[in-house]
Amino acid sequence: MASLFKDLAKISAYRDRRFPGTQEEFEEALLKSTTVYVGNMSFYTTEEQVYELFSRAGEIKKIVMGLDKNTKTPCGFSFIMYYSRDDAEDTVKYISGTILDDRPIRVDFDWGFQEGRQWGRGRSGGQVRDEYRTDYDPVIRRGGYGKLVQKE
Ligand code: GTA
């Protein structure tokens, strides 16, 4: 068990609080999954651009763009489903940290996509992490809601 935890620590630091299972099942899913999560994306990046970059690692089964649950527009994340585990691993190794639309994207292993996970979970409809950003970026018109959320 100890080695699994060690591997997992390298695999992902993220824990999905809405995963419908035990910690052990979550870890098992992460180690087998062919799905990756992509974060820190521009709101203006299109599915075509995502396809163009991520198909370099292997054949893609499906792309799901993360959407603001109120506006239904992209809010900075997506899920990529590959056919093969090796391709998902290559994506985490080689595509994470590369620049897409002027932003260094972060690729993380994911336990698997389920209907509903495409929506931002923040109270304002977007991603939770954007609500805690205190730095407003005028170019991408994002962040800076942190103070508002913290005041509530
Ligand atoms: N595989 O890293 C990830 C990941 N993230 C960040 C989100 N998702 C991820 N999946 C993987 N790896 O389906 C998935 C979620 C969901 C969708 C949208 O993307 O499973 P969300 O970002 O809107 O909401 O998710 P989520 O994940 O429920 O929010 P959470 O876990 O509270 O926080 C996300 C990030 O916000 C944290 O990593 C942290 O950096 C930041 N954050 C949260 N709370 C605070 C706080 N109090 N202060 C500062 N930062 C905070």
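Both ligands and their constituent atoms are indexed starting at 1 by order of listing. Each residue takes its place number in the sequence, starting with 1.
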Between [options], flag the one that comes closest to [atom] by a heavy atom.
atom: atom 29 (O) of ligand 1; options: Val36, Val128, Thr35, Asp16; result: Val128
atom: atom 31 (O) of ligand 1; options: Trp111, Tyr14, Phe19; result: Tyr14
atom: atom 6 (C) of ligand 1; options: Tyr132, Phe113, Tyr37; result: Tyr37

Discussion item. Just checking Lys32: does its NZ atom have more than 12 heavy atoms from other residues, nucleotides or ligands closer to it than 6.0 angstrom?
Written reply: no

Discussion item. Can you confirm whether Tyr14 is buried at OH, in the sense that more than 12 heavy atoms of other residues, nucleotides or ligands lie under 6.0 Å from that atom?
Written reply: yes

Run the numbers for me: atoms of ligand 1, each under 4.0 Å from some heavy atom of [X], listed by number.
X: Phe79; result: 13 (O), 14 (C), 19 (O)
X: Asp108; result: 1 (N), 2 (O), 3 (C), 11 (C), 12 (N)
X: Asp110; result: 1 (N), 10 (N), 11 (C)
X: Gln127; result: 23 (O)
X: Phe109; result: 1 (N)
X: Phe77; result: 17 (C), 18 (C), 19 (O)

Is the backbone N or O of [Y] less than 3.5 Å from a side-chain atom of [X], with the two atoms forming a donor-acceptor pair by type?
X: Glu131; Y: Arg123; answer: yes
X: Gln118; Y: Gly116; answer: yes
X: Thr35; Y: Gly112; answer: no

Worksheet entry | Residue list, side-chain contact (heavy atoms from CB on, under 4.5 Å) with Asn70, at least two apart or on another chain | Asp68

Item to complete: Would you please name every residue forming a side-chain contact (heavy atoms from CB on, under 4.5 Å) with Asp87, sequence neighbours left out?
Response: Tyr82, Ser84

Contact check: [X] vs ligand 1, nitrogen or oxygen atoms, below 3.5 angstrom:
X: Arg15; result: no
X: Ser12; result: no
X: Trp119; result: no

Worksheet item: For ligand 1, is any non-hydrogen atom under 4.0 Å from Arg17's backbone (N, CA, C, O), its side chain (CB onward), both, or neither?
Response: side chain

Item to complete: Report yes or no: does a heavy atom of Gly120 sit under 4.0 Å from some atom of ligand 1?
Response: yes

Item to complete: Give a yes/no verdict on whether any heavy atom in Arg106 is under 4.0 Å from an atom of ligand 1.
Response: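 Contact present.
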
Worksheet item: Rounded to the nearest 0.5 Å, how far does OH of Tyr51 lie from OG1 of Thr46?
Response: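 Thr46 atom OG1 to Tyr51 atom OH measures 13.0 Å (nearest 0.5 Å).
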
Worksheet entry | Over-ring placement of Arg85 relative to Phe109, 6.0 Å and 45° cut-offs |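 Arg85 over Phe109 ring: yes.
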
Worksheet item: Relative to the ring of Trp111, is the ring of Phe19 parallel (under 30°), tilted (30 to 60°) or perpendicular (over 60°)?
Response: perpendicular

